[in-house]
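Being a predicted model, the structure only gives us computed values, none of them experimental. Just so you know, ligand 1 is whichever comes first in the structure, and atom 1 is the first atom listed for that ligand. Numbering of residues begins at 1 and proceeds along the displayed sequence.
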Amino acid sequence: MANLKQYNMYINGEWSPPSNGKYFESYNPATEEPWCQVADGQSEDIDRAVNAAYQAFQNPEWAGLTSTQRGHLLRKVGDLLSDNVEELARYETRDNGKLFREMKGQLSYMPQFFYYYAGLADKIHGDTLPIDKQDMFVFTNREPLGVVAAITPWNSPLYLTFLKLAPALIAGNTIVIKPSEYTSASILEFMRIIEKAGFPPGVINVVTGFGLTAGSPLTSHRLVSRTAFTGGVESARKIVRNSAENLSALSLELGGKSPNIIFDDANLHNAVKGVIAGIFGATGQSCVAGSRLFVHQDIYDSFVEKLVARVKEIKVGDPMNEESEMGPVATAAQLETIESYVSLATEEGARLITGGKRLGNSGTGWYYEPTIFEHINTSDRVMQEEIFGPVLSIISFESEEEVIQKANDSNYGLAAGIWTKDLGRAHRLVKKIQAGIVWVNTYRSISPMAPIGGSKLSGYGREGGIEAVYEYTQSKTVWINTSEESMEDPFKIR
Ligand code: NAD
């Protein structure tokens, strides 16, 4: 199609057209119009990118840098990012339909992630071991792994890339990034910006394309040492199978069906805001979406009334408009998924409290009403499966034990919200709720210092915080015999 912006891949410090000469279109969810063309990367392109990253890993221009020097480079990235937040946020909104003010807010916080990891760069070290053998001096070094493959979804393309990029680089790895086929533009625009930071060629590469034709050859490539994946469970299963080829280390940040629990002593004004942030923020397209709401029976009616009144006022509209509170969902397929779960909820006997319809018609954007269902059974599929849209399921509870059991009745274990003024109760729940992140009297808070990750079908491994750096390094154990005595029996373990 004429006049569409065309993106090539970024391999070995150069803009590379796809080997098959093919491009695919990326759509603006607010208009349903294609707005750019993205290189349809194939295994040949992926192979080139991984080889470039492998060469760069050994190149003294990168491998010879001190950790302090790598920290300086990351600080520059943070500065360059700060100067270009608005421009990058505009690309993200055009690709995924999330509110411009949300993407701008998220990206303006992102330099802090680079500064945090820049500061950590020269504070990651091994140990001297108090070894139980005379004459032996034993220590560990922490070393980079090699080439990291980073695979990201469409909901927060740059944020979820930076969570991988920053700790991978300070540890001395090199990286090949494959963004979602729906949102490839912002990371490619970001590469244009950070070319000024001065990384040697091949240290950061971006390949584009689809899961099976680009993601799969990347995650099974023999020179990849670690894959950091954020996305859905089905893709994760394929990636785990791919990792049987190269035996690469994996971190899997997957979906969720997170509980938000409101006790009768909670600050209800804040709890209403927290519930809305949890499920209608980002149009529900958030891994940590608080899509299951548990409300204590003594406040059930009044709380639901307050919540529904505010939800009915949510301004759904053009994501570029600063007044809008909810934009469209990211893809036509996502809209269909939401529609089918809404029909299923009704079939399962849930009661529709508000919403339940597409807004507008075909051709006017993929908008959907904020939707709330009341359920009786936590076993309903709509209460068990991730919808990834603005659909909230509510259920009441009577006691602490009951809500713990109901909240944990899920295949996922990513996040949870607890709203109460009772500190003892908050701590009891924190211990018993099966989730990698628990927010008490808040929801969707993030920080570079705080790890993110889950258990069960929400995946494994952690991103963020100091823990992430350990995931991008491995220890090397060094034994030095300080004795000059002649060695005895070679068949005896020393
Ligand atoms: P997805 O799994 O369809 O795609 C994610 C990425 O994986 C894309 O880049 C895709 O091309 C790639 N991919 C797909 N199949 C692949 C394969 N066989 N090999 C290698 N790569 C492959 O997910 P999505 O629809 O883009 O994103 C939504 C999902 O992401 C939701 O489940 C959501 O909960 C999850 N998510 C999790 C987090 C978190 O931090 N835990 C954050 C955001 C989103």
In sequence, state the C-alpha distance, the side-chain angles, and the governing distance for Phe113 and Tyr159, and then conclude on ring-ring contact (aromatic ring centres under 6.0 Å, His included).
CA-CA 9 Å; Phe113 282 72; Tyr159 165 44; 5.8 Å; yes
Which bit of Leu218 is near ligand 1, meaning a heavy atom under 4.0 Å away: side chain, backbone, both or neither?
neither
Among Ser251, Cys287, Ser220, which one puts a heavy atom closest to atom 42 (C) of ligand 1?
Cys287
Taking 4.0 angstrom as the limit and counting only heavy atoms of Thr230, give me the atoms of ligand 1 inside it, by number and element.
5 (C), 36 (N), 37 (C), 38 (C), 39 (C), 40 (O), 42 (C), 43 (C), 44 (C)
Return the residue, atom name and 0.1 Å-rounded distance of the protein heavy atom closest to atom 13 (N) of ligand 1.
Gly211 CA, 3.5 Å
At less than 4.0 angstrom from any non-hydrogen atom of Ile239, what atoms of ligand 1 do you find?
19 (N), 20 (C), 21 (N)
Scan side-chain atoms only and decide if Glu339 and Tyr368 contain a donor-acceptor pair under the 3.5 Å cut-off.
no
Mode of Pro179 contact toward ligand 1 - side chain, backbone, both, neither (heavy atoms, under 4.0 Å)
backbone
Selected option - heavy-atom contact closest to atom 27 (O) of ligand 1, from Ala150, Pro153, Gly256, Ser258:
Pro153
Check Ser324 against Arg101 and note the closest heavy-atom contact, atom names and distance.
O-NH2, 2.7 Å
Using side-chain heavy atoms (C-beta onward) and a distance below 4.5 Å, is His221 in contact with Asn242?
no
Ligand 1 atoms nearer than 4.0 angstrom to some heavy atom of Lys238 are 18 (N)
Met191 side chain reached by Ile194 side chain, heavy atoms, under 4.5 Å
yes
Ring pair (Phe, Tyr, Trp, His ring centres under 6.0 Å), paired with Phe162, selected from Tyr116, Phe114, Tyr115
Phe114
Could you measure the distance from the OG atom of Ser248 to the CG atom of Leu223? Nearest 0.5 Å is fine.
11.5 Å
Starting from atom 10 (C) of ligand 1, locate the nearest protein heavy atom and write down its residue, its atom name and how far away it is, to 0.1 Å.
Glu181 OE1, 3.5 Å
For atom 33 (C) of ligand 1, closest protein heavy-atom neighbour:
Phe388 CE1, 3.2 Å
Mind checking whether Thr337 and Phe388 have side chains closer than 4.5 Å, heavy atoms only?
no
Starting from atom 2 (O) of ligand 1, what is the nearest protein heavy atom, named by residue and atom, and what distance separates them?
Ser235 OG, 2.6 Å
Does the pair Arg90/Glu87 count as a salt bridge with the N-to-O cut at 4.0 Å?
no
Geometry only, no angles: is Asn155 polar-contacting ligand 1 at N/O separations under 3.5 Å?
no
Of all the heavy atoms in Ser156, does at least one lie under 4.0 Å from an atom in ligand 1?
no
Check the pair Gln42, Ser19 against side chain to side chain donor-acceptor pair (under 3.5 Å), reporting the backbone distance first and the verdict last.
CA-CA 7 Å; Gln42 305 291 310; Ser19 53; over 6 Å; no
Would you say ligand 1 has an N or O under 3.5 Å from any N or O of Thr152?
yes
Looking only at protein heavy atoms, which one is nearest to atom 12 (C) of ligand 1, and what is the separation?
Ile151 CG2, 3.6 Å
Any idea which protein heavy atom is nearest atom 31 (C) of ligand 1, and the distance to it?
Glu386 OE1, 3.5 Å
Ligand 1 contacted by Tyr182 (non-hydrogen, < 4.0 Å):
no
What residue and heavy atom of the protein are closest to atom 20 (C) of ligand 1, and at what distance?
Gly215 C, 3.2 Å
Given Ile177, which partner from the list Leu165, Ile151, Leu188, Asn205 fulfils the side chain to side chain contact (heavy atoms under 4.5 Å, CB included) test?
Leu165
Against heavy atoms of Ser216, which atoms of ligand 1 measure under 4.0 Å?
19 (N), 20 (C)
What atoms in ligand 1 come closer than 4.0 Å to a heavy atom of Ser180?
8 (C), 9 (O)
Could you list the atoms of ligand 1 found under 4.0 angstrom from a heavy atom of Phe229?
2 (O), 5 (C), 6 (C), 7 (O)
Subset of ligand 1 atoms that lie under 4.0 Å from at least one heavy atom of Gly255
32 (O), 34 (O)
Just wondering, more than 12 heavy atoms not from Glu44 lying within 6.0 Å of its CD?
no
Heavy-atom nearest neighbour in the protein, as seen from atom 25 (O) of ligand 1, with distance rounded to 0.1 Å
Trp154 NE1, 3.1 Å
Under a 4.5 Å cut-off applied to non-hydrogen side-chain atoms, are Pro201 and Glu14 in contact?
no
Please find out if less than 6.0 Å separates the ring center of Trp35 from that of Tyr27.
no
